[in-house]
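Since we're looking at a predicted model, the values are computed, not measured. Numbers restart at 1 for each chain; the letters A, B, ... are given by sequence-line order, proteins then strands.
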Protein chains: 2
Amino acid sequence: MTRGTGRGAGSAAPRSVDVARLAGVSQKTVSRVFNDEPYVSADVRRRVLDAAEQLGYRLNNAARALASGRTRSIGVVTLGTALYGPASLLMGVERVVRDTGYALRVVNTMEGDPAGVAGAMDSLLDQGVDGIVISEPIDEQTDGGAPALRLDVPVLVIGAPPPVKAPTVLTAGHGADLMARTATEHLLDLGHMTVHHLAGPQRWYAARDRLEGWQAALTAQDREVPAVVSGDWSAASGYRAGRELAEDGGVTAVFAANDDMAIGLIRALTEAGRRVPEDVSVVGFDDIPVAAYVTPPLTTVRQPFDAVAQEGLKRLVHAIENPKAEPLTPSGPPVDLVVRASTAPPPPSRKTPARGRRTGSRAARASSPPLANGGLSTRH
Amino acid sequence: MTRGTGRGAGSAAPRSVDVARLAGVSQKTVSRVFNDEPYVSADVRRRVLDAAEQLGYRLNNAARALASGRTRSIGVVTLGTALYGPASLLMGVERVVRDTGYALRVVNTMEGDPAGVAGAMDSLLDQGVDGIVISEPIDEQTDGGAPALRLDVPVLVIGAPPPVKAPTVLTAGHGADLMARTATEHLLDLGHMTVHHLAGPQRWYAARDRLEGWQAALTAQDREVPAVVSGDWSAASGYRAGRELAEDGGVTAVFAANDDMAIGLIRALTEAGRRVPEDVSVVGFDDIPVAAYVTPPLTTVRQPFDAVAQEGLKRLVHAIENPKAEPLTPSGPPVDLVVRASTAPPPPSRKTPARGRRTGSRAARASSPPLANGGLSTRH
DNA sequence: GTGAAAGCGCTAACAA
DNA sequence: TTGTTAGCGCTTTCAC
């Protein structure tokens, strides 16, 4: 058998005994130093560190994991897309995970993936992780009601109700429903009779959340709830939906489930001769980087991805390291409505005097050139 | 010591001996079955699999890695951004890695990160990986010339010259320079005297590549090479650059280093009263999902992220598994120019008769509504 | 404060 | 085709 963890061809990688020998201490002491355990004199610690440095020693994680039963790594299951939302979340997760001293293993699910989230988690479990993050899960095509996956590591689900059974199941995230509600109310406050919704694929919890928030806002003010148009998150699908919506003269306000679809929608509307925002107002969701620079600059709600990731992972790590303790309680992030130029009061012909007696959204109009930070923003 | 790899609280995880006992074979045979080694009778294999299933057995990867010296995992170093390019590349890498049977470990570098790429690779090495992918590296602020990092696992660098020393160093990717050249030539073929360039941050190899391609296209036709304007990939920076460029009446064509900047640029130009594409043509880079739906639909070059990732990883895995063999030779992906509505011949006043004697770009104009696939596309 | 001994669960060589 | 015997490099337990 060749020595080393695949690190070297000729020269075997140094082990802790080698360091121990050179430092003139026992192997166990080396272990103590590298684990920051107490009861090592400053002098010994120095010697060990020097010897390690000199030899180019690095702890062998496989051996460590085998002996300790912990891999010090966290797995994350993401959708295999470069969509702004999921990608941002993943980056946020990585940042926090590294800060906590864990390693990150990533597995994707693709829509239509036969194994789905279950398969992805399984592969994570095979790899051996101490905890799992499921980011924006979607429904599996549970033919015949697949049983919830059972795990024995703590799980954090971002943006959705937990589809698993595990010793600890945490959820994080914002309630996209609250944000959706805020977006819808902004439109209502502007004087629109009702608001249409361009939804995401309903297999996504994220999409359903937004739909619910939209509905809640409407019913809370006794407004008519129009039929939902659905897309697949892409600008292309937003464009298709836009052609449909453009034919209905009654549409004066649309809340799109993400910015990409909103952009496609606006294009279709514009091509059909319906001006945005003069004839139709559009609100997006996510605040993607280009949102402030498209024509017209897009009013949208911003998701605090970093905050969500950070807050959730803090609790996950806590659960991993304190299996017996009570899970920490989540703290909700703020909702951030960014008002730009794609929303306005409805056209006079259809304008309703019913401004509602709502408070809240102090909606203001951004002046035409996009501001450095991309418009006015209101915290809720 | 508690048993198991962090899997269970009470019930210890079953080991291969347990499976062996139940199946009535030796432990080694179980190992053979789970490694798809030859010389196991179908009958025995069945029995082992059944026993494993019954016990809920899964291979312990830490033990496996320790004994074999291989972790069967590949690490990837990415920029910590949700930018479309890097994110797409990461997704592509994940897909391929999983297909090859390896696990994926991810580490980000942030711009301004003190440890930088070196630190990221180091943390990967600590974790123990069999190979490393560096995606779109950027220059480190090498104060005093930091020495190239030495590794002893194969490395694949996507989109850049290798900043490391390793037993095998592979590069993948496209030559953004070729694509940049194609984009620039498209503009020249349209009749523009010269083409301005809105560059990305020059610390990125990706940005420098594009700049070089643009320059090459210009000098090959003896055109004037205008001063470069730089941005930071964001639409906001494109907008700022656009305000500058708008003041120079001589600008009739701009090649932007990515689509986000192109969108910001177009907005600034439009606000300054310069119509796109009538007065100024703009070409982007990446073909982000909304590119076909902004106003005007954006002409751009599409990067074949999946193809690049797949091709590169195939070679990396080959190098990992055949340390002695010659590295495979890369195959370059095709260049895909997508012509939409943001480019046109220059305005008459400034139009030059010098159409050049170039062949190539059979540029055609997309009709106004974006096509399903978002415009015409030409392979080079 | 430090060290010795005993595994963690697997794969690698060699036998049978 | 299958089994036996040694480790892989650490952490753990317990002794000093």
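Residue B:R64 places its side chain closer to C:dC10 than to any other of C:dC10, D:dG3, D:dT11. Here the side chain of B:A63 is nearest to one of C:dC10, D:dT2, D:dC10, namely C:dC10. Here the nucleotide nearest the side chain of B:A67, chosen from C:dG9, C:dT2, D:dT2, is C:dG9. Across C:dT11, C:dG3, D:dG9, the shortest atom-to-atom separation from the side chain of B:L59 is found for C:dT11. Checking C:dT11, C:dG3, D:dG3 against the side-chain heavy atoms of B:S31 singles out C:dT11 as nearest.
Distance, B:R15 CZ to C:dG7 P: 12 Å, rounded to whole Å. One can place CG of B:L66 at 17 Å from P of C:dG7, the figure rounded to the nearest angstrom.
With hydrogens and angles ignored, no donor-acceptor pair closer than 3.5 Å exists between the side chain of A:R45 and the base of C:dG1. Side-chain N/O atoms of B:K28 and base N/O atoms of C:dA12 include a donor-acceptor pair closer than 3.5 Å.
Within residues 33-43 of chain A, the residues approaching DNA chain C are A:Y39, A:V40, A:S41, by heavy-atom distance under 4.0 Å.
Between A:S16 and the phosphate of D:dC10, there is a side-chain N or O to OP1/OP2 separation shorter than 4.0 Å. Between B:S26 and D:dT2 there is no side-chain polar atom (N or O) within less than 4.0 angstrom of OP1 or OP2.
In this view, B:Y57 and B:F34 satisfy the ring pair (Phe, Tyr, Trp, His ring centres under 6.0 Å) rule, not counting sequence neighbours.
When only modelled atom types and interatomic distance are considered, B:R64 and B:N35 share a side-chain donor-acceptor pair under 3.5 Å.
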